[in-house]
2 protein chains.
Amino acid sequence: MATIRDVAKLAGVSVATVSRVLNQNGYVNEETEKRVRQAIKKLNYKPNEVARTLFKKTSKTIGLIVPDISNPFFPELVRAVEDVMNIYDYTVILCNSDEKNEKEKEYMEVLKQKYVDGIILTTNQLELDEVSEINVPVVVLDRPLNHSFPSVIADNYGGARLATRHLYEIGCRRIAHIQGPSHVVNAVERFNGYRDEMKELGLWDERLVILGNYQLKQAKEAVLQALKEYDIDGIFAGNDAMAVGALKAVQQLGLRVPEDVAIIGYDGIPLTEMTTPELSTISQPIYEMGAIAARILVKKIEGKPLEQIHYVLPVELIERQSTRKGERK
Amino acid sequence: MATIRDVAKLAGVSVATVSRVLNQNGYVNEETEKRVRQAIKKLNYKPNEVARTLFKKTSKTIGLIVPDISNPFFPELVRAVEDVMNIYDYTVILCNSDEKNEKEKEYMEVLKQKYVDGIILTTNQLELDEVSEINVPVVVLDRPLNHSFPSVIADNYGGARLATRHLYEIGCRRIAHIQGPSHVVNAVERFNGYRDEMKELGLWDERLVILGNYQLKQAKEAVLQALKEYDIDGIFAGNDAMAVGALKAVQQLGLRVPEDVAIIGYDGIPLTEMTTPELSTISQPIYEMGAIAARILVKKIEGKPLEQIHYVLPVELIERQSTRKGERK
DNA sequence: ATACTTCATGTAACCGGTTACATGAAATAA
DNA sequence: TTATTTCATGTAACCGGTTACATGAAGTAT
């Protein structure tokens, strides 16, 4: 591997001059520049990013901490972040935290030691004091963490009300909700939206709340149970995976979707188009969330002012077969 | 941020001694070590990885290049790589190539400049000369690239024969194959397996080969077309997404799965359990593939000998409703 | 003619670690 | 008692870039 000193020697100039050519700053004579560029080409010289990082204290690298990339919500988010950061010549270190505080903290530490220029974080866990001692730009994604950091989330509360009202409008009156894990903030907000909408509709009945953990299997079991115990004609699942679980439970009991039980999910992951019947869902602008978070982070890194600190993106009702009006009795 | 010199000063020793304590090499007096550790704690000193990397030429970071993380085959693979590398204290830079030669080359270049210790590559494209000039350990994953690099793949050919024979055994005689894109090596191998098995069964008919591009939508359209033109009673899809496309096409035409047309996919992604009927598939040990690739890479990085260079992992037939024997006429 | 810019380039310190080498004390061997 | 090891620590070069500062030539304003 050629170094800047090799280039300097070959071109008959000092390293400073080579550096000037490389970074296009300072004065360099045209002829000299030509010689330097030739030397660079001849030696196939590529500047060592690590040396540059050490001096400049900026690595053109960011950290992205997600709970679990194999959870189908995250790949698109990660992809968006990578795409945008790539445009700005940043590279992305991917970290899976499994929502574990310990892993998150370890990763934060490692990322800092590697001089990442910023971190995008998807978590509920990190407590204020821990995060605030981080002297690296941070953007919080998908889950509202706390005040001080810029954040990008979707309108969980509003989306939940939308889903609930939709079920009501197609004729459901006994609308159950499969709740996500209570330590996940957005799951709680969705529950709140459901509860408030149900109260407003005069349909609230706490027995219609089914506990889920965002996983298909557990949701399926829970719904099987619930369907036996209570009269239910609509299910609003806290995420799409649980909606599939609900779908399977309903079908297993020989009930029809949406005729007997209508189902709507939440997130809008591609999966919802693959089931039969296709699932209605509240679609979050997943890609856009990732892209915005990335753009905000770049701005913070570059020290530019943010027009806005907290982004709450609108969600959208996607009506598919699992809640089709005409198909309900 | 405290540096090693701050620690040295506080502990009243030289930087060399601090470094010795940090790296547990060389002689250090017990008392001295204690003082140094106290200073480290007091200053909350964390060594600067970048400086270390510059000198040692090893960054404890690897690059992972995949076509597209939002393709549902890859999240699990990526997760496996990250998990294993994490154990060995490596960090993973994720790159999406979209199978584009240009992006791959750019990423390779950037990764090298960042002194990554190794690269895991999922590609068909990179030509021999380009890759061989890379002086970083490389492991090829999922797709056989060429001889010189260690590789981890699953038995595509064998899996395809297995799938085809399975359809035969449950009674299918007009077995179609939805082929993946011809520039993807594993798609070609799956096709070869299908073709050879069909020939051996005396069922080969090239009109039964349907062109797909690994995407659901395109496969659905192609299958709709094919079902109208030819008599087909079984479909072996080159991947699971296309199997879902086939399922939708068959259902749209009012045919039953598996009674009229049996369907089997390939890959074994979680999605196959979410459809109705659930999809039979040839399951690749996705997580294991990623994990093995990561372990091989670590060995190469550490200069240890590999027991084996090319790993071809066995695949497994997962029989679900879409090919259930009893349910076929 | 003198002073001040602008242009062009080089020297060397610096970023924050690691380590080869030097130095010397204490312990052990001959 | 002297020679050799082992233990303990420090000095300074090095990794490969960047840049503050110095130097000097050429151009131009006064």
Side-chain angles (χ1 to χ4, degrees), chain A residues 1-37 39-40 43-61 89 109-117 135-136, chain B residues 1-37 39-40 43-61 89 109-117 135-136:
Chain A
M1 266 277 151
T3 73
I4 197 170
R5 282 163 234 268
D6 300 328
V7 175
K9 199 176 292 173
L10 183 62
V13 298
S14 75
V15 292
T17 301
V18 178
S19 183
R20 282 184 199 108
V21 171
L22 250 40
N23 299 292
Q24 320 228 48
N25 58 21
Y27 294 108
V28 179
N29 181 285
E30 254 185 62
E31 280 306 309
T32 313
E33 175 163 352
K34 210 171 280 174
R35 285 210 321 279
V36 170
R37 293 212 180 278
I40 288 175
L43 296 173
N44 189 27
Y45 166 75
K46 300 274 157 51
N48 178 328
E49 271 305 319
V50 178
R52 184 175 276 169
T53 297
L54 180 58
F55 189 91
K56 302 258 251 177
K57 298 185 183 326
T58 152
S59 58
K60 284 285 174 181
T61 301
D89 293 323
E109 214 50 71
V110 171
L111 292 173
K112 263 171 72 180
Q113 286 180 47
K114 296 202 174 182
Y115 269 2
V116 296
D117 297 332
N135 43 356
V136 176
Chain B
M1 266 277 151
T3 73
I4 197 172
R5 282 161 233 268
D6 299 329
V7 175
K9 199 175 290 174
L10 184 60
V13 297
S14 74
V15 292
T17 301
V18 178
S19 182
R20 284 186 198 107
V21 171
L22 250 38
N23 299 291
Q24 320 227 52
N25 56 22
Y27 294 109
V28 179
N29 182 286
E30 255 185 59
E31 280 306 311
T32 313
E33 175 163 352
K34 210 171 279 174
R35 286 211 321 279
V36 170
R37 294 213 181 278
I40 287 175
L43 296 172
N44 188 27
Y45 166 74
K46 299 273 154 53
N48 179 328
E49 272 305 319
V50 178
R52 184 175 275 171
T53 296
L54 180 59
F55 189 89
K56 302 258 250 178
K57 299 187 184 324
T58 153
S59 58
K60 283 286 174 181
T61 301
D89 293 323
E109 213 51 71
V110 172
L111 292 173
K112 265 172 70 179
Q113 286 180 48
K114 296 201 174 182
Y115 270 1
V116 296
D117 296 332
N135 43 356
V136 176

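In what follows, every chain begins at residue 1, and chains take the letters A, B, ... in the order their sequences are listed.
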Between [X] ([atom1]) and [N] ([atom2]), how many Å, whole number?
X       : N       : atom1 : atom2 : answer
N25(B)  : dT19(C) : CG    : P     : 7 Å
M1(A)   : dC15(D) : CE    : P     : 16 Å
Q113(B) : dG17(D) : CD    : C1'   : 12 Å
K60(A)  : dG17(D) : NZ    : P     : 18 Å
K9(B)   : dG10(D) : NZ    : C1'   : 16 Å
L22(A)  : dG16(D) : CG    : C1'   : 12 Å
R20(B)  : dT18(C) : CZ    : C1'   : 10 Å
L54(B)  : dT18(D) : CG    : P     : 12 Å

- [ ] Locate the shortest heavy-atom distance separating Y27(A) from R20(A); write the atom from each residue and the value.
- [x] O-CD, 3.8 Å
Does [N] have OP1 or OP2 sitting under 4.0 Å from an N or O in the side chain of [X]?
X      : N       : answer
T17(A) : dG10(C) : yes
N48(A) : dG17(D) : no
T3(A)  : dG16(D) : no
K57(A) : dT18(D) : no

Task: Residue closer to the 5' end of DNA chain D, R35(B) versus F55(B) (nearest nucleotide) - done: R35(B)
Looking at the side chain of [X], which of [options] is the nearest nucleotide?
X      : options                   : value
R52(A) : dA8(D), dG16(C), dG17(D)  : dG17(D)
V15(A) : dT18(D), dT18(C), dG16(D) : dT18(D)
P47(A) : dG17(D), dG10(C), dG16(C) : dG17(D)
V13(B) : dT9(C), dG10(D), dG17(C)  : dG10(D)
A51(B) : dG17(C), dG10(C), dG16(D) : dG17(C)
N23(B) : dG16(D), dT18(C), dT18(D) : dT18(C)
S14(B) : dT18(C), dA8(D), dT11(D)  : dT11(D)
Y27(B) : dG16(D), dC7(D), dG17(C)  : dC7(D)
K56(A) : dT19(D), dG10(C), dA8(C)  : dT19(D)

Using atom types as modelled and distance alone, determine if a side-chain donor or acceptor of [X] lies under 3.5 Å from a backbone N or O of [Y].
X       : Y      : result
N29(B)  : E31(B) : yes
T32(B)  : V28(B) : no
K114(A) : K60(B) : yes

Open item on the list: Does L43(A) form a side-chain contact (heavy atoms from CB on, under 4.5 Å) with L10(A)? I'd like the steps, not just the answer.
Closed with: CA-CA 9 Å; L43(A) 296 173; L10(A) 183 62; 3.9 Å; yes
TODO: Report yes if a donor N or O on one partner sits less than 3.5 Å from an acceptor N or O on the other, where the partners are the side chain of R5(B) and the base of dG17(C); otherwise report no.
DONE: yes
Under 4.0 Å, heavy atoms only, any strand: does [X] hit a base, just the sugar-phosphate, or nothing?
X      : result
V50(A) : nothing
T53(B) : nothing
S19(A) : base
V28(A) : sugar-phosphate

Task: Beyond-backbone contact of K112(B) with K46(A), side-chain heavy atoms, under 4.5 angstrom - done: no
Open item on the list: Would you say that L22(A) contacts I40(A) through its side chain, given a criterion of any heavy-atom pair below 4.5 Å between the two side chains?
Closed with: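 In short, these two side chains touch, coming nearer than 4.5 Å.
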